[in-house]
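A short worksheet on the structure shown next.
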Amino acid sequence: MKLVVIGFGQCGGRIADQFARLNKKARSHRKTEITPGVFAVNTDAADLTGLSYIRSDFRHRILIGGRKTGGHGVGKINELGAEIAREDGDKVIDAIRGTKRMYESDAFLLIASAGGGTGSGAIPVMTQYIKERYMDKPVYDLVILPFEHEEATEERAVYNSALCLKSVNSVADTVIVVDNQRYIRKDSSLRNNLSKINELIAEPFYDLLCAGEEKKAKYIGAKTLDAGDIIQTLTGWTAIGYGKAQVPMFNLPLPRKSDFRSKSAEIHKGIQAMDEALSELSINCNPVDSSRALYLLSAPSKEMNMALVKELGDYLRGLAPKATIRNGDYPREKTIVEITLILSGLSNIEKVREYYTKSTSLIPEFKKREEETESKLRSMEEAGKDIPSLL
Ligand SMILES: Nc1nc2c(ncn2[C@@H]2O[C@H](COP(=O)(O)OP(=O)(O)OP(=O)(O)O)[C@@H](O)[C@H]2O)c(=O)[nH]1
Ligand SMILES: [Mg+2]
């Protein structure tokens, strides 16, 4: 599958940069292309300069809202981010039009954080613009939720997130939700390591996108997972997960393929990887709530067999009984069994519901504060009404 990737704001731009890196890796390791175009869009010129893999010309690193922000961002006001996207959206559309092999791409992937200003405001507006102009291609939005400490100290992060999530959900073909906090749950050293988190966020897409683009027979499995499977799976709220299990390089004594013990060991590895993918989902959710699911098994070809594929399918069916499940196998890796998992069409995500509830109670509070400020200002002016002016 090939995606045109567009990142908005600092977070979106940096994760899009990771996709540009993965494309480079796919080109050199797998002789294939997975992202015919990668763009970063920001109101902040310095953020655009800081990227590494996205082409550095102004058609790929697009500055918007220059007049309004002087190139310094919108300071977490996502209504302003949305307004600028409405004014400058054509710059982005023009850049996309310049993508040489646009016709090869299967879909768009737009990326932004929900809690900031530029990305959070621009992503719903641009999703709508792109959908209107490219009606034959789905538009997927990857939305990154704030860390807990940000939610605790910045009400605006919660409010922005609610606004952004509600808006993207009404226009995008799918909203893939990624919770920053989940990445430091197990490894707190990642708290100050955003670039590592960004790698982890982009990683599950690598095999997923490469699998359907393979040309060499030896890397094509019994059932290829292609763009059609992914497009049919992605709908509504979505979570993505990735898990792996190491396969020993030297299996001594060498088990024969027909040996039932070796088979059960393979199945065990597969289930272990599936369990990790489930517990490391990008957002906390219950598989029971998904209406569509997909898993890709990548493993050394000798580890792959129909029993394993069936066992994994049965296992997932037990957890997501209402979901239409699609799958594929990809005989690519040498020493690991990997599972990439998508749970889509989720009918509930607790965290999204919380943002909505909290923000609803914030609206009257914000209004009250605004009124208080205005009335204080008025009373101060009143106090100075008899002072002469120098102007
Ligand atoms: N995973 C990840 N999260 C990030 C990154 N940069 C910022 N964030 C998160 O994104 C939110 C802040 O949004 P930004 O993307 O910085 O904001 P912006 O879209 O540039 O908007 P303004 O700076 O307000 O104009 C916070 O929740 C951050 O924790 C990043 O590189 N990776
Ligand atoms: Mg910024």
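In this chain, numbering begins with 1 at the start of the sequence shown. All ligand and atom numbering here is 1-based and tracks the order in the structure. Basis for what follows: all heavy atoms, side chains included, without hydrogens, waters or symmetry-related copies.
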Tell me, which protein residue and heavy-atom name are nearest [atom], and how many Å apart are they?
{"atom": "atom 21 (O) of ligand 1", "value": "T118 N, 2.9 Å"}
{"atom": "atom 8 (N) of ligand 1", "value": "C11 CB, 3.6 Å"}
{"atom": "atom 23 (O) of ligand 1", "value": "K76 NZ, 3.9 Å"}
{"atom": "atom 20 (O) of ligand 1", "value": "Q10 N, 2.9 Å"}

Proximal atoms of ligand 1 relative to [X] (non-hydrogen, under 4.0 Å):
{"X": "N198", "answer": "1 (N), 2 (C), 30 (C), 31 (O), 32 (N)"}
{"X": "G119", "answer": "19 (O)"}
{"X": "S113", "answer": "10 (O), 11 (C), 12 (C), 13 (O), 14 (P), 15 (O)"}
{"X": "G116", "answer": "12 (C), 13 (O), 17 (O)"}
{"X": "G73", "answer": "25 (O)"}
{"X": "F147", "answer": "29 (O)"}

Counting C-beta onward and ignoring hydrogens, is there a side-chain heavy-atom pair between M102 and V4 closer than 4.5 Å?
yes

Find out whether E374 and E371 are in side-chain contact, i.e. whether some heavy atom of one side chain is under 4.5 Å from a heavy atom of the other.
no

If you draw a 6.0 Å radius around [atom1] in [X], do more than 12 non-hydrogen atoms from other residues or ligands fall strictly inside?
{"X": "K215", "atom1": "NZ", "answer": "yes"}
{"X": "R30", "atom1": "CZ", "answer": "yes"}
{"X": "R55", "atom1": "CZ", "answer": "no"}

Does any N/O atom on [X] come nearer than 3.5 Å to any N/O atom on ligand 1?
{"X": "E150", "value": "yes"}
{"X": "D47", "value": "no"}
{"X": "L145", "value": "no"}
{"X": "S120", "value": "no"}
{"X": "I77", "value": "no"}
{"X": "I201", "value": "no"}

For ligand 1, the portion of [X] having any non-hydrogen atom under 4.0 Å away:
{"X": "R14", "result": "side chain"}
{"X": "P146", "result": "both"}
{"X": "N180", "result": "side chain"}
{"X": "V74", "result": "both"}

Regarding [X] and [Y], does a basic nitrogen lie under 4.0 Å from an acidic carboxylate oxygen?
{"X": "K131", "Y": "D173", "value": "yes"}
{"X": "D17", "Y": "R21", "value": "no"}
{"X": "D179", "Y": "K351", "value": "yes"}
{"X": "R332", "Y": "E214", "value": "yes"}

Does at least one non-hydrogen atom of G75 fall below 4.0 angstrom from an atom of ligand 1?
yes

How are the rings of F366 and Y159 set relative to one another: parallel (under 30°), tilted (30 to 60°) or perpendicular (over 60°)?
perpendicular

Chi angles and distances behind the ring-ring contact (aromatic ring centres under 6.0 Å, His included) call for Y140, F108:
CA-CA 6 Å; Y140 305 135; F108 288 94; 9.7 Å; no

Going by side-chain heavy atoms closer than 4.5 Å, which hydrophobic residues are tied to L391, directly or by a chain of links?
none

What residues form a side-chain hydrogen bond (donor to acceptor under 3.5 Å, both in side chains) with T174, not counting sequence neighbours?
T238

